[in-house]
Amino acid sequence: MTSGTILNSKLFRIFFICAFFLTAGLFPKVTLAAENGPDTSKTKFDAKAMILEHISDSHSWPVAFPFVKEKFLSLPVILYTDKGLEVFGSDKIQEEGAVYAGKFYSYKLEANHIKVVDASGAVNEAASKKVWDLSITRNVISLFMSIAILLIVFFSISSSYRKRQGKAPKGLQSFLEPLILFVRDDIAVPNMGHKYARFMPLLLTIFFFILINNLMGMIPFFPGGYNLTGNIAVTATLSAVILFVVNLNGNKHYWKHIFVPNPWWLFFIMIPVEVVGIISKPVALTIRLFANITAGHILILSLISLIFILNTIWVSPVSVVFVVFMDAIELLVAFLQAYIFTLLSALFIGMAIEEHH
Amino acid sequence: MELVTPSIGLVFWTTLCFGILLFLLGKFAWKPILASISEREKSIEGALLQAEAAKEEMARLTNENELLLKQARAERDQILKEAKQIKDNIINEAKESAQAEGTKIIERARIEIDNQKAIAMADVKNQVATLSLEIAEKVLRKQFEDQKKQDALVADLLKEVKLK
């Protein structure tokens, strides 16, 4: 066996990757030690807090995370209070216990929620309820970024479609065309029949929106490193869109099926069941996407946390191998969940617009 | 519980952004993309159909050509056959007429020959007669220089006449 084949062998590569991460594993320890200082070096690593902090939304973003942990991006806080709109930077309330005196109230960040505080510094729950937090949070920024990416990508391929009219696709266009055709031929057409064309923009937008955010969520640092499709507010909103589209397009057969059971005297059971069915479909969509993506993030972060919980670098090869494995599965799940969400949306719409013969 | 409580802010921004995204992509991306994909599919299908039609046309033309060729060949054979027949007829006719002419000529020649022969014979006969007469005259002159002999002969002749 020549040296070339040794370098190319699978075992060597695995060994090399493990060795790399073993070495790299030394650094977080150094930085952790530096952060905590000599007197707090015994502070326990809190995996649960770290994971929850990652998978939930926040008012700031550690943009330079792997290098500088303290460097946060200040995000605008927008509060719609009963007295008017309040806008300020999140850096004002970022520090533990910091109180910001706004135009109408004073605010404080408590467990990642903005609360109204009175003069004595105590949280005023009644007033807090009246404040609607419309802040540009980390997830909102990532939402903007993913939308910008989608717009840039699809406008560019749209223009290349115009330029290369009738010709074979090229570059990015040829990479995305199979996905577009997949949504059309394997999701829309089989479930919605000949009336599919009207719902194609919605299905394509949902598919690529979920896909790009699933994929961006897998990137561990700045442009990614968020959990948008694993956030219940986002999945619920997407499902609500489907709920509206399904019920606004439902034809008379759809409504007849719900309100006129067969035989008719079963109506007292069937109507509640069908009405629950209307609601449960989007709820299932919401929870499926949320749970799948969040579970993936939790699993990967837990495996990484293992190194810090056991406080030894010798676990890192195990963690790294499992995390790589989980990342591969998450990549599959990213596509799979985008597919399933779109497929079920198409199915529900198809059921609502289906013509009975 | 924190994790499964949707925050109003994110719902608001998601609705807004998703609506804008849906509108923009629907109007400026999906519509032209899908239109051009389906147009391309149609043109490919059209091209395939055309190719199929061209193939059929080709096959039809080839068939037609073959048929024409076959017809032409048959016609040529027919013409050749007819020509041969005509040629045979002409030859036969020529032969027949030649034979008839020949026979006629031979016939005429024979008649001529017969005529000539008859004439010649007649001539010969005349000459022979003349000659015989002359000879007879000379012989008789010689014979009948003597009177006695002349009397004897007359007597003979007379005898003969009496017998008849």
Side-chain angles (χ1 to χ4, degrees), chain A residues 52 55-57 78-80 111-113 132-137 139-140 143-144 146-147 150-151 153-159 161-162 164-169 173 176-177 180-181 184 197 200-202 204-206 208-209 228 230-238 240-241 286-287 290 294, chain B residues 1-70:
Chain A
L52 278 178
I55 60 173
S56 51
D57 205 355
I78 303 169
L79 300 173
Y80 183 74
N112 225 359
H113 283 289
W132 286 24
D133 183 1
L134 302 180
S135 307
I136 308 292
T137 58
N139 274 342
V140 177
L143 179 70
F144 291 163
S146 62
I147 282 174
L150 286 176
L151 287 178
V153 165
F154 287 105
F155 280 8
S156 92
I157 78 160
S158 164
S159 81
Y161 269 106
R162 259 196 297 272
R164 301 173 48 77
Q165 192 84 48
K167 287 189 203 153
Q173 195 190 354
L176 289 168
E177 188 173 308
I180 296 171
L181 289 181
R184 191 190 66 176
M200 275 305 284
L202 176 71
L204 283 168
T205 310
I206 282 189
F208 284 105
F209 179 78
L228 190 67
N231 189 304
I232 197 134
V234 175
T235 61
T237 310
L238 291 178
V241 171
T286 307
I287 292 172
F290 157 75
T294 301
Chain B
M1 213 44 219
E2 163 75 28
L3 213 54
V4 291
T5 314
S7 64
I8 187 75
L10 200 52
V11 169
F12 168 75
W13 288 111
T14 310
T15 313
L16 184 71
C17 292
F18 188 78
I20 294 170
L21 180 72
L22 186 60
F23 171 75
L24 288 178
L25 284 185
K27 196 163 168 68
F28 300 112
W30 303 133
K31 216 164 131 191
I33 288 173
L34 289 171
S36 96
I37 285 179
S38 72
E39 196 172 309
R40 191 174 62 207
E41 275 171 353
K42 258 181 225 153
S43 88
I44 288 171
E45 206 167 317
L48 284 177
L49 282 179
Q50 260 174 11
E52 192 67 27
K55 219 164 92 185
E56 261 168 38
E57 181 72 17
M58 197 69 193
R60 200 177 61 76
L61 278 179
T62 314
N63 253 355
E64 213 165 82
N65 273 355
E66 220 155 88
L67 210 72
L68 275 178
L69 210 67
K70 217 183 263 175

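These numbers come from the heavy atoms of this one structure, side chains and all, not from hydrogens, waters or symmetry mates. Chain identifiers are assigned alphabetically (A, B, ...) following the order of the sequence lines, protein sequences preceding nucleic acid strands; residue numbering begins at 1 within each chain. The model shown is predicted, which means the values in this text are computed figures rather than measured ones.
Judged by distance alone, the side chain of B/Arg40 and the main-chain N or O of A/Gln165 form no donor-acceptor pair under 3.5 Å. Put simply, the side chain of A/Trp132 never gets that close to the backbone of B/Gly9: no donor and acceptor are under 3.5 Å apart.
Rounding to the nearest 0.5 Å gives a distance of 7.5 Å between OG1 of B/Thr14 and CG of A/Asn231. The distance from the CE atom of A/Met200 to the CD1 atom of B/Ile33 is 10.0 Å, given to the nearest 0.5 Å. Interatomic distance, A/Arg164 CZ to B/Ser36 OG, rounded to the nearest 0.5 Å: 10.5 Å.
Using cut-offs of 30° and 60° on the angle between ring planes, the pair A/Phe208 and B/Trp30 is parallel.
Chain B forms the most heavy-atom pairs under 4.5 Å with one residue out of A/Ile136, A/Val140, A/Thr137, A/Asp133, and that residue is A/Val140. With chain A as partner, the option from B/Ile8, B/Ile20, B/Leu22 having the largest number of non-hydrogen pairs under 4.5 angstrom is B/Leu22. Of the listed residues A/Ala240, A/Ala197, A/Ala236, A/Pro169, the one with more heavy-atom pairs under 4.5 angstrom with chain B than any other is A/Pro169. Ranked by heavy-atom pairs under 4.5 Å with chain B, the first of A/Thr294, A/Asp57, A/Leu204, A/Leu143 is A/Leu204. Between chain B and the options A/Phe290, A/Phe155, A/Tyr80, the largest number of non-hydrogen pairs under 4.5 Å is found for A/Phe155.
Residues B/Leu25 and A/Leu150 come closest through the heavy atom pair CD2-O, 4.1 Å. B/Trp13 and A/Ser135 make their closest contact through NE1-O, 3.4 Å (heavy atoms, listed as atom of the first residue, atom of the second, distance). Between B/Gly26 and A/Pro201, the shortest heavy-atom contact is CA-CB, 4.1 Å. Taking each heavy atom of A/Ile232 and B/Pro6 in turn, the nearest pair found is CG2-N, 3.6 Å.
Using a 4.5 Å cut-off between heavy atoms, A/Ala168 contacts chain B through its backbone alone, with no side-chain atom that close. Interface remark: B/Leu34 contributes side-chain atoms only to the contact with chain A (heavy atom separation under 4.5 Å). Using a 4.5 Å cut-off between heavy atoms, A/Leu202 contacts chain B through both its backbone and its side chain. When heavy atoms are compared at a cutoff of 4.5 Å, B/Phe28 approaches chain A by way of both its backbone and its side chain. At a 4.5 Å heavy-atom cutoff, the contact between A/Phe209 and chain B is made by side-chain atoms alone. Residue A/Thr205 touches chain B through both its backbone and its side chain, counting heavy-atom pairs closer than 4.5 Å. Only the side chain of A/Ile78 comes within less than 4.5 Å of a heavy atom of chain B; its backbone N, CA, C and O stay farther away.
Atom CZ of B/Phe12 has more than 12 neighbouring heavy atoms from other residues, nucleotides or ligands inside a 6.0 Å radius.
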